[in-house]
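Presented below is the structure to which this report refers.
A, B, ... follow the sequence lines: proteins, then strands. Residue 1 opens every chain. Predicted, not measured: the structure shown is a model, and the values here were computed from it.
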There are 2 protein chains.
Amino acid sequence: MQHNNLKAILRKNGSSLTRTRRLIFDLLDGQDPQSMQVLISRADDQLDRATIYRTIELFERLGIVHRVNIGWKYKIELSDVFTGHHHHLHCSKCGKILDLPSNPMLETMIDTLATKVDFAPRNHVLEIYGLCPACKQAGS
Amino acid sequence: MQHNNLKAILRKNGSSLTRTRRLIFDLLDGQDPQSMQVLISRADDQLDRATIYRTIELFERLGIVHRVNIGWKYKIELSDVFTGHHHHLHCSKCGKILDLPSNPMLETMIDTLATKVDFAPRNHVLEIYGLCPACKQAGS
DNA sequence: TAAATTATTGCGACAAATTTGCAAATATAT
DNA sequence: ATATATTTGCAAATTTGTCGCAATAATTTA
């Protein structure tokens, strides 16, 4: 149960784990990245739109969630703290988003390349586009 | 001059290189990624907002431009076809976006990792966040 | 534990960003 | 040059995200 972890992060920041925040966290937990619209509709009878925006903004500020960008839109998922560092494989055909677990060698190389140009890397996001196993199979 | 290249891509898709499209292309050419607002304001006395949105959408669909995501916002830049493949270094302090030229070893590793999980990679986006040389220096 | 203090939520109104339908203008093909 | 198809501007509608403020819930203090 990650609620303790969640609570700790909030407390450390002078915020509390309210019913609302637990609810939104639970909507995200274990799910694929979700759009605001979906999040709002899934919680709409219980929570106000503004509250959801404010909560997601807070969560993002505290590193609890982060945005996955898809074209002009974005979706929300729990951050690496809760899911482990990973990247995304976007299927251009069916739209599914798969996780690609982090690879130490890759992470190192990315940091090294950035450092080489005198940049101080803190974190990064890698999104890969192509065909998922199922669509790849189907489309040949 | 990349207008020929641009024209070719458009023609191949049953679209033509109009004055409007050339103008928008030129607004992007050689510039850092730009927000819609900036693009709109830079062209506003000559072009309608809706036209700009439609053109960017077309350009993106044809792979002429792509979006660089910055938090909830995004900016537009010409795609790899016109600029060469590269990644971005985002300075968390001053907001500047620097280019990191593509590295063959890195690209290979990314494709390999994706292929290993039976995904067929077509392209990818890597965004690195941290401190640019200037801010790194300053904030010692 | 009750009172006081501070943080959080809902609500309604706003503001900004993006989209759409349609008629007029422009480009391409005949 | 004319006909046909595409593109653009305009105005209006939607969608998305934000804000102020009063009501509610949580936390702290006595």
Handout entry: Atom-pair distance (CZ on B:R22; P on D:dT7), nearest Å
Key = 14 Å
Practice task
Kindly assign one of parallel, tilted or perpendicular to the pair B:H88 and B:H66, based on the angle between their ring planes and the thresholds 30° and 60°.
Solution key: parallel
Completion exercise
Whole-Å distance, B:F59 CZ to D:dT7 P, equals 11 Å
Practice task
Scan A:Q46 against the nucleic acid and name what it touches under 4.0 Å (heavy atoms): base, sugar-phosphate only, or nothing.
Solution key: sugar-phosphate
Fill in the blank from the handout: Taken to the nearest whole Å, CD1/A:I52 to C1'/D:dT18 is 15 Å
Handout entry: Aromatic plane relationship, B:H87 with B:H124 - under 30° parallel, 30 to 60° tilted, over 60° perpendicular
Key = parallel
Problem - Sidechain-backbone polar pair: A:S102 side chain, A:H86 backbone, donor-acceptor under 3.5 Å - result: no
Can you give me the N/O atom pairs linking the protein to nucleotides 18-27 of chain C at distances under 3.5 Å, or say none if there are none?
| from | atom 1 | to | atom 2 | distance (Å) |
| --- | --- | --- | --- | --- |
| C:dT18 | OP1 | B:Y74 | OH | 3.1 |
| C:dT18 | OP2 | B:Y53 | OH | 2.5 |
| C:dT18 | O5' | B:Y53 | OH | 3.4 |
| C:dT18 | O4 | B:R49 | NH2 | 3.3 |
| C:dG21 | O6 | B:R54 | NH1 | 3.4 |

Exercise for the section: Using atom types as modelled and distance alone, determine if a side-chain donor or acceptor of B:T83 lies under 3.5 Å from a backbone N or O of B:S79. Expected result: yes
Problem - Atom-to-atom span, CZ of A:R21 to P of D:dT27 - whole angstrom - result: 10 Å
Exercise for the section: Could you tell me the separation between the CG atom of A:L47 and the P atom of D:dT24, rounded to a whole number of Å? Expected result: 17 Å
Problem - Donor-acceptor under 3.5 Å (B:R21 side chain, B:S16 main chain) - result: yes
Handout entry: Value in whole Å for how far the C1' atom of C:dT28 lies from CZ of B:R11
Key = 7 Å
Exercise for the section: Report yes or no: does A:N13 contribute a side-chain atom to a donor-acceptor pair with the main-chain N or O of A:S15 at less than 3.5 Å? Expected result: no
Exercise for the section: Could you tell me the separation between the CG atom of B:N13 and the C1' atom of C:dT28, rounded to a whole number of Å? Expected result: 16 Å
Practice task
Measure the distance from CD on A:E60 to P on D:dT18 and round it to the nearest whole Å.
Solution key: 11 Å
